[in-house]
Amino acid sequence: MKFNNVDFDTYFKNYPDEKGYFGKYGGSYVSPELQKAMDEITEAYFTICKSSKFVSELRRIRKEFQGRPTPVSYLERLSGKLGNVQLYVKREDLNHTGAHKLNHCMGEALLAKYMGKKKVIAETGAGQHGVALATAAAYFGLECDIYMGAVDIKKQAPNVARMKILGANVVEVTEGLATLKEAVDAAFAAYCREYKDAIYCIGSVVGPHPFPMMVRDFQSVVGIEAREQFLDMTGELPDAIVACVGGGSNAMGFFSGFLNDPVTIYGVEPLGRGAALGDHAASLMYGSEGIMHGFNSIMLKDENGDPAPVYSVASGLDYPSSGPEHAFLHDLGRVKYDVISDDETIDAFFDLSRMEGIIPAIESAHAVAYGIKLAKTMKKGSVLINLSGRGDKDMDYIIEKYGIR
Ligand SMILES: *Cc1c(COP(=O)(O)O)cnc(C)c1O
């Protein structure tokens, strides 16, 4: 299938190119020292990911440890309420640790093991990526250093406890505002010192090449499974698919299974409290081209051109940019990007809980809200939503801020 001169029959062979570009987006903008480490990872990835031993080991882990394949569920009561459109969800909430993030963490940690590394390093904001990586490190017997801002450590006590129980070393970062940005800087600095023994594990389809490609490839299991399962259940492809976009890993893995199909694809960004800068984190909708954290993409900038402060009710979505492949698919028009507000998200959070018995992560509730909204504009057809994670981590916050409806 061709779309604006890009041939999706051969898409994965051509994108990214060997320098890590999706069109003009992506690449690797890091110090020469760090570039050496990135080149080492790229080379190892290309060799190892083709070895049948690596592939069969990852396949076994997904089945026996993660509990894959995760099912696709038909939302019978919610669909019934909406009319003639059928809603389905891909259940990444049932993946071990309760979200899609473990898919790429297990891949990254297995790669670390094959490369002979002793340690994995990462930063974390809300702690979700840290918990997933600490899980992978425990499984493989790797050391694990998670850099986290002092402010976030206070706010995310349950995830800090989880990481410690799993044996990870949580490194407190006290510089500057002591949140995610400072944690990224500290983790990168540690990686520069330790790259001979350690590997940096990025938490989404962002950062310098090869991470946007590698994380997409590890997450593509979600899209491949979902496509096959949906065909099995209905005999057809869905008319539309929907996923939420923070950095963009759950969306990219899910979308990759359908890019070459006659399926309309929607990426949902958080509108937060509204469209003013600082009130949302909808980088593709309102941002412009720029370089941050080692890659070129579309980002939200302040008046100095630096990454702007962002906000979303979902802490996993409040990132001032998205992966370069999303910027590319946005420009091409292959994926349509749109926004959902905090309020619409909370409504969907309760709808899915009350009508289907599934408590979604607040991040995932953005996609559910959009799927419901979309269904109301369609006369018939089907919508498949990626439910990136479960909402256990969000319940205290929801009850405190919104009460029980
Ligand atoms: C982290 C997270 C996200 C956002 O990350 P992406 O890279 O955009 O997928 C979405 N949903 C859940 C449940 C998460 O934990």
Side-chain angles (χ1 to χ4, degrees), residues 70 89-105 107-108 122-135 152 156 158-159 162 180 201-207 211-223 242-256 266-270 281-284 293 295 297-298 310 312-327 329-330 335 337 339-340 345 348-349 352 358-370 385-395 397:
T70 58
V89 284
K90 172 65 173 166
R91 302 289 305 277
E92 287 308 289
D93 60 315
L94 296 178
N95 195 31
H96 180 44
T97 71
H100 70 286
K101 282 194 177 73
L102 195 66
N103 298 331
H104 62 251
C105 286
E108 287 173 325
E123 79 290 331
T124 196
Q128 295 300 107
H129 176 52
V131 169
L133 191 61
T135 303
D152 289 333
Q156 308 291 344
N159 275 344
R162 266 178 213 121
L180 181 62
C201 293
I202 293 182
S204 188
V205 285
V206 299
F211 283 96
M213 168 188 72
M214 213 163 76
V215 171
R216 171 197 73 191
D217 292 353
F218 287 140
Q219 285 295 346
S220 66
V221 65
V222 177
V242 183
C244 65
V245 180
S249 65
N250 87 86
M252 214 45 253
F254 185 53
F255 295 170
S256 66
Y266 295 92
V268 184
E269 297 197 298
S283 46
L284 296 161
H293 297 158
F295 66 105
S297 188
I298 299 177
V310 287
S312 165
V313 66
S315 54
L317 300 181
D318 63 357
Y319 185 65
S321 183
S322 290
E325 193 166 10
H326 284 291
L329 295 170
H330 174 266
V335 177
Y337 293 87
V339 291
I340 281 290
T345 300
F349 175 91
L352 194 71
I358 303 170
I359 302 176
I362 307 187
E363 290 81 6
S364 324
H366 281 76
V368 175
Y370 197 80
I385 301 160
N386 195 30
L387 201 77
S388 52
R390 67 174 185 228
D392 302 44
K393 68 185 177 59
D394 301 314
M395 291 188 298
Y397 174 81

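Numbering of ligands and ligand atoms starts at 1, following listing order. In this text, all values refer to a predicted model and were calculated from it rather than measured experimentally. The residues of the chain are indexed from 1 along the displayed sequence. Side-chain atoms are counted along with the backbone in the values below, which use heavy atoms only and exclude waters and symmetry mates.
- Panel note: side chain Gln219, backbone His100; a donor-acceptor pair is recorded below 3.5 Å.
- The distance from atom NZ of Lys90 to atom CG of Asn250, rounded to the nearest 0.5 Å, is 12.5 Å.
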Any protein N or O within less than 3.5 Å of an N or O in ligand 1? List each pair with its distance, or say none.
| from | atom 1 | to | atom 2 | distance (Å) |
| --- | --- | --- | --- | --- |
| ligand 1 | 7 (O) | Ser204 | OG | 2.6 |
| ligand 1 | 7 (O) | Gly248 | N | 3.2 |
| ligand 1 | 7 (O) | Ser249 | N | 2.7 |
| ligand 1 | 7 (O) | Ser249 | OG | 2.7 |
| ligand 1 | 8 (O) | Gly246 | N | 2.8 |
| ligand 1 | 8 (O) | Gly247 | N | 3.2 |
| ligand 1 | 8 (O) | Gly248 | N | 2.7 |
| ligand 1 | 9 (O) | His100 | NE2 | 3.1 |
| ligand 1 | 9 (O) | Ser249 | N | 3.4 |
| ligand 1 | 9 (O) | Ser249 | OG | 3.2 |
| ligand 1 | 9 (O) | Asn250 | N | 2.8 |
| ligand 1 | 9 (O) | Asn250 | ND2 | 2.8 |
| ligand 1 | 11 (N) | Ser388 | OG | 2.7 |
| ligand 1 | 15 (O) | Lys101 | NZ | 2.6 |

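- Side-chain N/O atoms of Ser283 and Ser322 include a donor and acceptor closer than 3.5 Å.
- Looking at residues two or more places apart in sequence or on another chain, you find no ring pair (Phe, Tyr, Trp, His ring centres under 6.0 Å) involving Phe211.
- Using a 30° and 60° split on the angle between ring planes, His129 and His104 fall in the tilted class, from 30° to 60°.
- Using a 3.5 Å distance cut-off with no hydrogens or angles, the side chains of Glu92 and Asn386 do not pair a donor with an acceptor.
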